[in-house]
There are 2 protein chains.
Amino acid sequence: MAGVAGVSTATAGRVLGGYGKVSETSRRKVEEAAQRLGYRANGLARSLIQGSTETIGVIVTDVGNSFFASAVRAIADEVRAAGYEMLLANTDADPQTEQRALRMMWEKRVDGVIIAPQGSGSVGHLRPLVDDGLPIVLLDRPLATLPEVDQVIINNTSCARSAVNHLIELGHRHIAVISEAAHDFPRLRSVTLAGGDAERPSAARLVGYLAALRRAGIDADEDLVVHSPYNRAAAERAVLGLLRRRPEVTAIFCTDNVLTSGAVAAIQRSGRRCPDDLSVIGFDDQDWTTLVRPQLTVVRQPRYELGSAAAHRLLQRIEERRSAPNNRSRAENTASGDAPKIQEAQRLVLRGRLIKRASTGPIPPG
Amino acid sequence: MAGVAGVSTATAGRVLGGYGKVSETSRRKVEEAAQRLGYRANGLARSLIQGSTETIGVIVTDVGNSFFASAVRAIADEVRAAGYEMLLANTDADPQTEQRALRMMWEKRVDGVIIAPQGSGSVGHLRPLVDDGLPIVLLDRPLATLPEVDQVIINNTSCARSAVNHLIELGHRHIAVISEAAHDFPRLRSVTLAGGDAERPSAARLVGYLAALRRAGIDADEDLVVHSPYNRAAAERAVLGLLRRRPEVTAIFCTDNVLTSGAVAAIQRSGRRCPDDLSVIGFDDQDWTTLVRPQLTVVRQPRYELGSAAAHRLLQRIEERRSAPNNRSRAENTASGDAPKIQEAQRLVLRGRLIKRASTGPIPPG
DNA sequence: CTGAAAGCGCTAACAC
DNA sequence: GTGTTAGCGCTTTCAG
């Protein structure tokens with residue numbers, strides 16, 4: 001390449017890499033040769049030497065879920081605008097898959113990571129990267145034992161609280177919730193009593209449900225806290241079971257978009273009329289919630305904004321680190337006697353809100 | 001690193017990289033040292049030397065769209081099973097964005113690319129990579145001028161044909177179609193006459209619509225071919241306009257999932273009853289199509305399978321090339337007098353099918 | 001402004 | 001088995 005252009009590799013590099021000073025004449029020669037040879041830079045070599053890949057890693061549990069699809073879309077937009085690329089991985093909430101993805105991305109030298117951790121096991125997977133000083137942003141789920149890491153989340157507990165409050169105000173007393181975290185009911189009940197919060201969105205929403213009941217002086221009934229995995233068919237079965245088992249239930253709060261569609265299907269199949277016999281609140285304001293009859297009352301969460309905020313935060317951290325790579329690794333940090341200069345972690349909470357529509361109504365007489 | 005373990009860099013490399021032969025003793029020493037130092041391999045250096053990154057590029061127009069979200073999910077699954085990673089980019093159907101993404105991925109040395117090209121302009125963007133011998137698979141949209149590239153697509157034309165046939169059999173004569181490719185109507189009409197096909201799915205579906213009408217001896221009416229971009233609100237407006245303008249329309253065929261939701265919204269707002277006044281067929285069998293009343297008749301396309309097939313094909317090509325890197329680049333090919341050995345491109349067509357439900361019925365009397 | 005040379009962290013070939 | 005050496009393709013000193 002440099003040979004064809006009749007200059008040294010150094011000059012060629014300066015032109016192609018856009019650094020240093022080059023005369024117009026040699027610039028033209030190089031560009032022409034590059035054109036002719038169909039030259040393309042080797043990003044690997046460049047990254048190897050510069051120590052940055054202009055690539056971030058994104059790890060979610062399921063891009064197929066519309067919630068994450070929106071968030072990833074937002075991240076992609078933000079990242080592209082900054083001239084970065086995005087490595088994407090799915091975990092299906094499997095700890096091992098998550099660990100492997102994280103490790104591979106780390107070895108591929110991503111400049112930062114946005115992750116929706118699968119659970120508390122994630123802390124162990126993230127620890128080495130955190131200690132290494134890699135910028136990380138937690139998406140949608142905080143990790144209490146990783147307080148030094150930035151996070152962008154939704155005010156899940158209070159969203160759930162206002163949803164359930166709405167039902168209570170309408171006169172409902174037998175309010176069921178369908179949740180992926182139902183098995184955590186005993187633990188979460190005490191969390192509520194202590195006024196605390198919970199890590200996973202599903203748990204946080206359940207806490208909100210419990211808090212609302214408690215404030216209204218309604219005893220939480222474990223049998224009305226029904227469990228379902230994130231799977232429409234399973235949710236449908238779970239809700240059908242509930243309605244058969246506890247016909248006195250007059251309202252259902254769904255804590256996730258797929259649980260919502262399962263619940264709506266179940267109610268339709270059960271023959272109960274909504275909202276006359278049964279009120280429903282869904283989670284996540286998807287397009288179809290205004291197409292069904294009655295239109296669904298839902299908690300809308302800013303999914304796209306969640307993604308852009310996370311990406312924005314991450315890119316900012318990467319930029320910070322680039323201009324001041326003090327906090328390289330724990331090893332170096334401990335070695336140098338400087339002030340640790342550990343950046344305060346940022347905790348960004350975006351607000352969802354209740355959209356009242358036609359699927360919620362006053363408690364039926366009788 | 002090698003120093004701490006008390007061995008040479010070569011031995012350390014053999015252990016960490018998992019190649020060559022090493023004694024148990026030194027293996028243990030190296031692993032221990034690696035553990036202690038928190039060593040992580042540098043994938044960039046490895047890739048630089050081995051000439052493969054174990055990473056593929058995926059380019060779609062919008063991961064936020066449930067169609068692509070499913071396909072990308074499938075690709076992620078397939079790719080992960082093979083131990084690869086995935087760089088993902090969105091183009092919003094913008095040629096420049098597509099070109100930039102392609103270029104960046106190419107420079108980052110991806111081992112292959114899956115792309116849903118935005119249009120015929122994509123050929124120029126892909127040409128250099130194709131000539132370089134990079135494995136590529138076209139997803140969902142063929143490119144006639146790039147016949148040497150593998151493609152995985154849906155039988156869009158015949159899906160559309162059977163949808164419209166269904167309407168015709170029910171007695172409908174004034175059948176509208178809502179399409180992103182409506183402006184291509186004149187050109188596509190001649191394509192149909194010639195029995196040809198079209199590149200973009202939207203166009204292919206429109207061709208199917210025209211073919212069905214033609215076979216039934218119904219004249220296609222340009223005014224019933226309504227245009228809408230992929231945007232729910234726009235689709236809703238377009239369909240409302242159609243219903244006002246041409247009240248004799250008794251059936252609507254939607255050629256995409258977002259157009260479908262817009263059309264359903266419009267019909268609901270118009271006050272026309274479905275299927276009594278108006279039959280509708282949607283595209284893409286999403287969850288909600290069974291939750292609305294009447295349940296929607298739709299064309300189901302195998303979105304997940306489309307993604308897995310594409311990924312599968314690509315990984316296979318990458319494997320082929322790895323074992324026989326003959327066709328490195330055009331330059332070398334031309335130089336060597338060997339048989340070109342150009343692999344025949346594979347064209348995989350997955351079949352969608354019509355799911356008849358309650359939104360289609362016989363033509364109303366009157 | 002330009003060239004020569006060193007080296008990023010690794011693997012491949014070859015000796016020992 | 002193991003160590004030595006020579007690069008992968010680029011950027012970065014450092015002289016000229």
Side-chain angles (χ1 to χ4, degrees), chain A residues 1-34 37-55 103-111 132 134 322 325 328-329 331-332, chain B residues 1-34 37-55 103-111 132 134 322 325 328-329 331-332:
Chain A
M1 162 71 223
V4 179
V7 294
S8 73
T9 64
T11 324
R14 284 188 257 260
V15 175
L16 271 11
Y19 54 92
K21 307 239 175 261
V22 200
S23 75
E24 255 318 307
T25 12
S26 20
R27 147 158 293 118
R28 236 190 314 262
K29 278 195 291 187
V30 173
E31 277 168 352
E32 198 180 305
L37 301 181
Y39 171 87
R40 87 190 129 134
N42 188 321
L44 259 29
R46 177 175 296 166
S47 293
L48 182 58
I49 215 164
Q50 296 196 143
S52 87
T53 52
E54 248 87 77
T55 301
R103 177 101 205 168
M104 285 188 74
M105 288 178 176
W106 194 31
E107 294 195 343
K108 293 213 167 106
R109 292 319 202 250
V110 293
D111 292 342
D132 192 43
L134 188 73
R322 180 170 288 189
R328 278 272 306 184
S329 78
E332 288 187 35
Chain B
M1 161 70 222
V4 179
V7 295
S8 74
T9 63
T11 323
R14 284 189 258 260
V15 175
L16 272 12
Y19 54 92
K21 309 245 174 251
V22 201
S23 75
E24 256 317 308
T25 11
S26 23
R27 148 159 292 119
R28 238 191 311 263
K29 279 196 289 188
V30 172
E31 277 167 353
E32 197 180 305
L37 300 182
Y39 171 86
R40 88 189 127 132
N42 188 321
L44 295 167
R46 177 176 295 167
S47 292
L48 182 57
I49 216 166
Q50 296 196 143
S52 86
T53 51
E54 249 86 76
T55 301
R103 176 103 206 165
M104 284 187 76
M105 288 178 177
W106 193 31
E107 294 194 343
K108 293 211 167 109
R109 290 320 200 250
V110 292
D111 292 341
D132 192 44
L134 189 72
R322 180 172 287 189
R328 280 272 306 184
S329 77
E332 287 187 34

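By convention in this document, chain letters (A, B, ...) are assigned in the order of the sequence lines, proteins followed by strands, and residues within each chain are numbered from 1.
- Sorted by residue number, the members of residues 16-29 of chain A with any non-hydrogen atom under 4.0 Å from DNA chain C read A:K21, A:V22, A:S23, A:S26.
- Rounded to whole Å, atom P of C:dG9 lies 19 Å from atom NZ of A:K108.
- The side chain of B:R46 places no N or O atom within less than 4.0 Å of a non-bridging phosphate oxygen (OP1 or OP2) of C:dC10.
- For the helix from C:dC1-D:dG16 to C:dC16-D:dG1, the end axes, each set by the C1' atoms of five terminal pairs, are bent relative to each other by 40° (nearest 10°).
- Remark: C1' of D:dG9 and CD of A:Q50 are 13 Å apart, rounded to the nearest angstrom.
- Taking CZ from A:R46 and CG from B:L48, the interatomic distance works out to 13.0 Å, rounded to the nearest 0.5 Å.
- Rounded to a whole Å, the OH atom of A:Y39 is 10 Å from the P atom of D:dG9.
- Contact between the side-chain N/O atoms of B:T11 and the OP1/OP2 oxygens of D:dG3 is found at a separation under 4.0 Å.
- Rounding to the nearest 0.5 angstrom, the gap separating the OG1 atom in A:T9 from the CZ atom in A:R14 is 8.5 Å.
- Spacing between atom CD1 of B:I49 and atom C1' of D:dC10 amounts to 14 Å, rounded to whole angstrom units.
- Of the N and O atoms on the side chains of A:R322 and A:S52, at least one donor lies less than 3.5 Å from an acceptor on the other residue.
- Using a 4.5 Å heavy-atom threshold, the side chains of B:K108 and B:T55 count as separate.
- No donor-acceptor contact under 3.5 Å links the side chain of A:R109 to the base of C:dG9.
- Across B:R27 and B:V15, no two heavy atoms sit closer than the pair CA-CG2, 3.9 Å.
- A donor-acceptor contact shorter than 3.5 Å links the side chain of A:R40 to the backbone of B:W106.
- Atoms CG and CD1, on A:L44 and B:I49 in that order, are 11.5 Å from each other to the nearest 0.5 Å.
- For the pair A:L44 CG and D:dG7 C1', the computed distance is 15 Å after rounding to whole Å.
- We find that CZ of B:R40 is positioned 14 Å from C1' of C:dC8, with the value rounded to whole Å.
- When each of B:R14 and B:N42 is assigned the nucleotide of DNA chain C with its nearest heavy atom, B:N42 is the one assigned upstream, toward the 5' end.
- A distance of 10.5 Å separates OG in A:S47 from CD in B:E107, rounded to the nearest 0.5 Å.
- The side chain of B:A10 lies closest to C:dA12 when the candidates are C:dA12, D:dT12, C:dC10.
- The residue among B:L48 and B:T9 whose nearest nucleotide of DNA chain D is located toward the 5' end is B:T9.
- The CD atom of A:E32 lies 10.5 Å from the CG atom of A:L37; values are rounded to the nearest 0.5 Å.
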